[in-house]
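Values in this document were obtained by computation on a predicted structure and should not be read as measured data.
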There are 2 protein chains.
Amino acid sequence: MAKGLTRERVVAAALELLDEQGMGAVTVRALAARLDVRAPALYWHVRNKQELLDEMSTSVMRGVVAELSKIAPGAGWRDDLAAYARILRSQYLLHRDGARIFSGTRITDPDVVRMKEPYFERWTAAGLTIGEADDALDVVTAFVVGFVIEEQERRQSEPTRYSPIGRDAWLGEGVQKVKEAGHLRDDGAQRFERHLDIVLAGLTARLKR
Amino acid sequence: MAKGLTRERVVAAALELLDEQGMGAVTVRALAARLDVRAPALYWHVRNKQELLDEMSTSVMRGVVAELSKIAPGAGWRDDLAAYARILRSQYLLHRDGARIFSGTRITDPDVVRMKEPYFERWTAAGLTIGEADDALDVVTAFVVGFVIEEQERRQSEPTRYSPIGRDAWLGEGVQKVKEAGHLRDDGAQRFERHLDIVLAGLTARLKR
DNA sequence: ACCTGAACACCGTTCAAGT
DNA sequence: ACCTGAACACCGTTCAAGT
């Protein structure tokens, strides 16, 4: 008897499971239970667990594309890249360990990649070579991925290791500057803006305007 | 009867297993077999698998520290950061999926973190605030992590998706610029140097000299 | 102190069988 | 076309027992 299961519902339920209980809880059986079927039923909708993971990644990246297409093109590549960076971060943050799990991802939907085209067209029209445009996008992507991996890791670590006091004790004697740096860790959002500004400044310095 | 197993030997064997067969093959049983003991024996040396993973991470980061301490301090923070970035990348590249697995890592050895102190001291003596020094290190780290995750992912993907021809077919009609960008993907090392230069240029533009 | 044997609850996946 | 029941080989982990 058909239960109205679809690939989309399976993927959505898997993302919910991830967010609620972490990646370790995303098992075929738990997912089936949540969808009120038995484990083998899922294999009618996805080939195997790896394909499920790929579909989860692609779903997240489709979220990035959707958010990006909501906003108007910026005044130039700097604006476009800043908007992309903020959206990529926010979409990763929507899911527990999002950056680590979904980066370097096997995207199953070409439309997600085809989405780069209008940006490349505008940036090259504005004077960048295609190589520069590609570099710019990749540098920003790498930065966001690395930033959010660290951000999410810290967010869910035991406070013993990341609270200022616990950390100082763990570090031992001396290393005053390391401790000082640990104490000034500010809000994730403003840290992100500051670091993003540094990366964008590098692009401005190195690419044709 | 003691078999001369040590925590260090266990961790080293786990890293070998990772490199030879990937993370999925790093199981307690496979690791025990490689060390010629039964699975429960490992629990005498590590508390559980998570602790094993943390020790593997820490071992990799100790490699970074070791390589870094071999070279003389650079002429300034820019040189130091460039050397750090290259070493971090090379140590990640030593292990299959190294960047993804070992980034945002739970370092178990305070000495690895204490190692930042001499750098922070020299950079602040040269005019940076502690906040700037910390930002600089974090931006470079984030970039390297993101870069190498993507680099290693591509390296071991099926050629269907990353060979120029397979990729063009997969992308479909149009999107000429996206395809063009895909064709010019050059050597990882020179791409890394180019992107690192962009990040360092951003730091130069934004931090006190 | 260090290791084994046996067991527990749990994985992903296959496949014949049901509807 | 879509789902279940039963089974397979395999997990991480515990624990009493051996030496």
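Between B:His45 and the phosphate of C:dC3, there is a side-chain N or O to OP1/OP2 separation shorter than 4.0 Å.
Judged by distance alone, with hydrogens and angles left aside, the side-chain atoms of A:Gln91 form no donor-acceptor pair with the main-chain N or O of A:Val65 at under 3.5 Å.
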Using a 4.0 Å heavy-atom cut-off, write out nucleotides 11-17 of chain D from 5' to 3' as B (base contacted by protein), S (sugar-phosphate only) or - (no contact). BBBBB--

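Distance CG (A:Asp36) to P (D:dC2): 18 Å, rounded to an integer number of Å. When rounded to the nearest whole Å, the span between CZ of B:Arg9 and C1' of C:dC2 equals 14 Å. In this structure, CZ of A:Arg38 is placed 8 Å from C1' of D:dT4, rounded to the nearest angstrom.
Consecutive Watson-Crick or G-U pairs involving DNA chain C, each under 3.5 Å on both distances, make up stems of three or more pairs at C:4-8 with D:12-16, C:12-16 with D:4-8.
Among residues two or more places apart in sequence or in another chain, the side-chain contact (heavy atoms from CB on, under 4.5 Å) test is passed with A:Thr6 by A:Glu8, A:Arg9. With sequence neighbours left out, the side-chain contact (heavy atoms from CB on, under 4.5 Å) criterion links B:Arg34 to B:Ala13, B:Glu16, B:Leu17, B:Glu20. Looking at residues two or more places apart in sequence or on another chain, you find a salt bridge (Lys or Arg N to Asp or Glu O under 4.0 Å) between A:Arg78 and A:Asp197. The salt bridge (Lys or Arg N to Asp or Glu O under 4.0 Å) search around B:Asp135 returns A:Arg194, not counting sequence neighbours.
Using a 4.0 Å cut-off between charged nitrogen and carboxylate oxygen, B:Arg86 and B:Glu67 do not count as a salt-bridge pair. In this structure, A:Arg89 pairs ionically with A:Glu151, as a charged nitrogen and a carboxylate oxygen lie closer than 4.0 Å.
Checked against D:dG5, C:dC2, D:dC3, the side chain of B:Trp44 finds its nearest nucleotide in C:dC2.
Using cut-offs of 30° and 60° on the angle between ring planes, the pair A:Phe192 and A:Phe147 is perpendicular.
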